[in-house]
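Report on the structure given below.
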Amino acid sequence: MIGIKLKIKLERIYFIFSLLLALAIAMQIEYIFFGIANFLPLIMILFIFLVIFLFCLINFDYVTRREFFFLYTYLFLISIFFLMWSNYINLNLFTRTSAFLIYIILSCFVINHLLNRLNPHHLYLSFLMGIIFSTVVLIAEFLFRVINPSMAIKGDLSTISNQPSPGGLEIGLDFFESKAFYAYKYSSIMFYDSNYVGLFALSILICTYFLAFKFRFNLLYVLLIFTNSLLVFLSFSRSAIFSMFIISLFYIILYLYNNKKWFLLIFSLFSLFSLFSLSLFNILLFISSDESFITKISIFSSMKKFFDFDVLNMLFGYGLLDGGYAISYQEGKYAHALVPVLLGQIGIIGLLVYLISFTIMCFKSGTHGIVLLFSFLITGISLVDPWQIIYFWSALYMLHLKKIPDYTLLNKHKDL
């Protein structure tokens with residue numbers, strides 16, 4: 001009896017931890033936390049890990065063998081990378097690089113550990129609250145960015161022509177073709193560039209679609225889907241907007257297929273094909289003249305620099321800070337795209353470990369996990385932060401909720 005009560009109390013503690021972690025992930029605001037967006041998640045992850053460690057001292061079996069294996073394997077891999085980097089990066093860069101890598105590994109360990117110990121109701125509720133927390137913060141981020149376009153916390157507006165008028169945001173047909181919209185991208189209070197905001201909102205959007213398809217659409221899910229779709233568009237991240245468009249079409253088709261709306265399904269597919277065919281020329285014309293797209297071509301063209309690296313650097317990269325600039329179209333410029341960034345940071349071995357690990361995680365999460373992977377790779381062609389915790393949080397939650405039968409969450413847990 002005492003053991004059951006203790007288990008219930010621990011489950012409640014973990015539920016509170018999962019809510020606090022979801023809130024911390026949502027509150028990634030560089031403007032407040034010394035220019036470090038992941039400051040709150042980092043503090044929360046370290047605190048929860050310390051609690052887990054203390055529980056292990058009391059009861060060693062509290063952490064499963066699989067969890068130990070995951071933690072030891074990845075920490076062992078990190079130690080090899082540290083050893084390879086130790087000859088050419090100073091103590092400051094070494095410390096900051098190691099902090100990033102350990103943060104991601106501990107994040108995956110802690111999130112998975114929490115979710116393994118939540119009952120179905122608390123698992124669902126903490127996921128939903130995380131989505132709501134993030135949506136609210138994203139709305140606040142957008143309002144601040146539009147009201148203060150000249151703030152450009154880390155951007156240099158002196159180089160931007162066609163600056164936005166003091167009257168506020170005006171989106172015309174030539175808005176994305178001009179440089180004016182960069183003022184609304186670099187004024188984000190969350191991240192350096194609102195491209196990161198777009199992918200963050202896109203991850204939350206996919207999580208909401210997951211809940212809607214698993215537990216049926218309701219007014220709350222529809223409202224969250226509409227709001228986060230709008231937030232992705234208002235991030236002005238073209239890669240995120242493109243991904244959202246493809247994802248939305250996929251989910252419309254999936255909904256019609258699941259509900260056996262055959263006429264609407266065929267009509268939708270025909271309409272989409274016709275619209276794409278008619279718009280193809282204009283799309284190609286816009287892309288060919290888009291400076292951002294031309295820059296990305298230059299970045300991928302510069303990947304030949306990778307073969308000029310030393311063998312050790314080809315295998316293990318230059319570390320998470322300097323490595324982001326190792327493969328770039330211009331000296332001193334950040335590489336932006338996912339593959340060049342990871343190759344420069346952690347080399348070919350790190351790239352393979354990262355992509356294989358995340359791909360397995362997403363595939364285990366089912367259809368929606370694969371959609372998350374697709375959005376990550378598409379936006380990764382433009383600008384992506386590989387070390388953003390929201391991707392792993394989303395994939396792990398969907399993985400755990402996928403295992404739960406829909407009817408289970410309808411049962412009330414009277415003992416909680």
Specify the closest pair of heavy atoms between Leu372 and Ser394, including all atoms of both residues, with the distance to one decimal.
CD2-CB, 4.0 Å
Nearest heavy atoms of Ser229 and Leu205, plus distance in Å:
OG-CD1, 3.5 Å
Filter on side chain to side chain donor-acceptor pair (under 3.5 Å), then keep only pairs touching residues 217-226, sequence neighbours left out; what's left?
Tyr124-Tyr221
Verify the distance criterion only: is there a donor paired with an acceptor across the side chains of Thr135 and Asn228 at less than 3.5 Å?
yes
Between Ser134 and Ile131, is there a donor-acceptor pair closer than 3.5 Å when you use the side chain of the first and the backbone of the second?
no
Below 30° counts as parallel, above 60° as perpendicular, anything between as tilted: where do the rings of Phe213 and Tyr209 land?
tilted
Taking side chain as C-beta onward, heavy atoms only, is Asn195 less than 4.5 Å from Thr379?
no
Excluding sequence neighbours, so at least two apart, what forms side-chain hydrogen bond (donor to acceptor under 3.5 Å, both in side chains) with Tyr251?
His368
Could you give the distance from CE (Met314) to CD1 (Ile348), rounded to the nearest 0.5 Å?
8.0 Å
Pairwise side-chain contact, Asn116 with His400, heavy-atom cut-off 4.5 Å (strictly under)
yes
State, yes or no, whether a side-chain contact exists between Leu115 and Leu399 at a heavy-atom distance under 4.5 Å.
no
Between Trp393 and Phe127 (judged by ring centroids, cut-off 6.0 Å), do the two rings come close enough to count as a pair?
yes
Does any N or O in the side chain of Thr227 come within less than 3.5 Å of the main-chain N or O of Leu224, such that one atom is a donor and the other an acceptor?
no
Backbone of Phe76 reached by a side-chain donor or acceptor of Ser79 within 3.5 Å
yes
I need the minimum non-hydrogen distance between Ile404 and Lys214, along with the two atoms involved.
O-NZ, 2.7 Å
Look at the aromatic rings of Phe109 and Phe70 and report parallel, tilted or perpendicular, splitting at 30° and 60°.
parallel
So, the side chain of Glu11 versus the backbone of Asn119: is there a donor-acceptor pair under 3.5 Å, distance only?
yes
How about CG on Leu219, more than 12 heavy atoms from neighbouring residues, nucleotides or ligands closer than 6.0 Å, or not?
no
Residue pair Ala212 / Ile225: nearest heavy atoms and the distance that separates them
CB-CD1, 4.2 Å
How far apart are the closest heavy atoms of Ser243 and Ile378, and which atoms are they?
OG-CG2, 3.0 Å
Does Phe363 CZ have over 12 foreign heavy atoms under 6.0 Å away?
no
Does Phe217 have more than 12 heavy atoms from other residues, nucleotides or ligands lying within 6.0 Å of its CZ?
yes
Report yes if the side chains of Leu19 and Ser126 come closer than 4.5 Å at any heavy-atom pair, otherwise no.
yes
Main chain of Pro386, side chain of Tyr354: is a donor-acceptor contact present, judged purely on distance under 3.5 Å?
yes
Nearest-0.5 Å distance that lies between atom SG in Cys108 and atom OH in Tyr391:
13.0 Å
Under a 4.5 Å cut-off applied to non-hydrogen side-chain atoms, are Ile204 and Phe200 in contact?
yes
Do Leu40 and Met44 have side chains that get closer than 4.5 Å, going by heavy atoms?
no
Tell me which one of Leu234, Leu143, Leu231 satisfies side chain to side chain contact (heavy atoms under 4.5 Å, CB included) with Leu138.
Leu231
Do Tyr397 and Phe210 have their ring centres less than 6.0 Å from each other?
no
Using a 4.5 Å cut-off on heavy atoms from C-beta on, say whether the side chain of Ser237 contacts that of Val197.
no
Here the pair of heavy atoms bringing Lys402 nearest to Ser365 is CD-O, 3.3 Å
Minimum side-chain heavy-atom gap Tyr318-Tyr325 below 4.5 Å
no
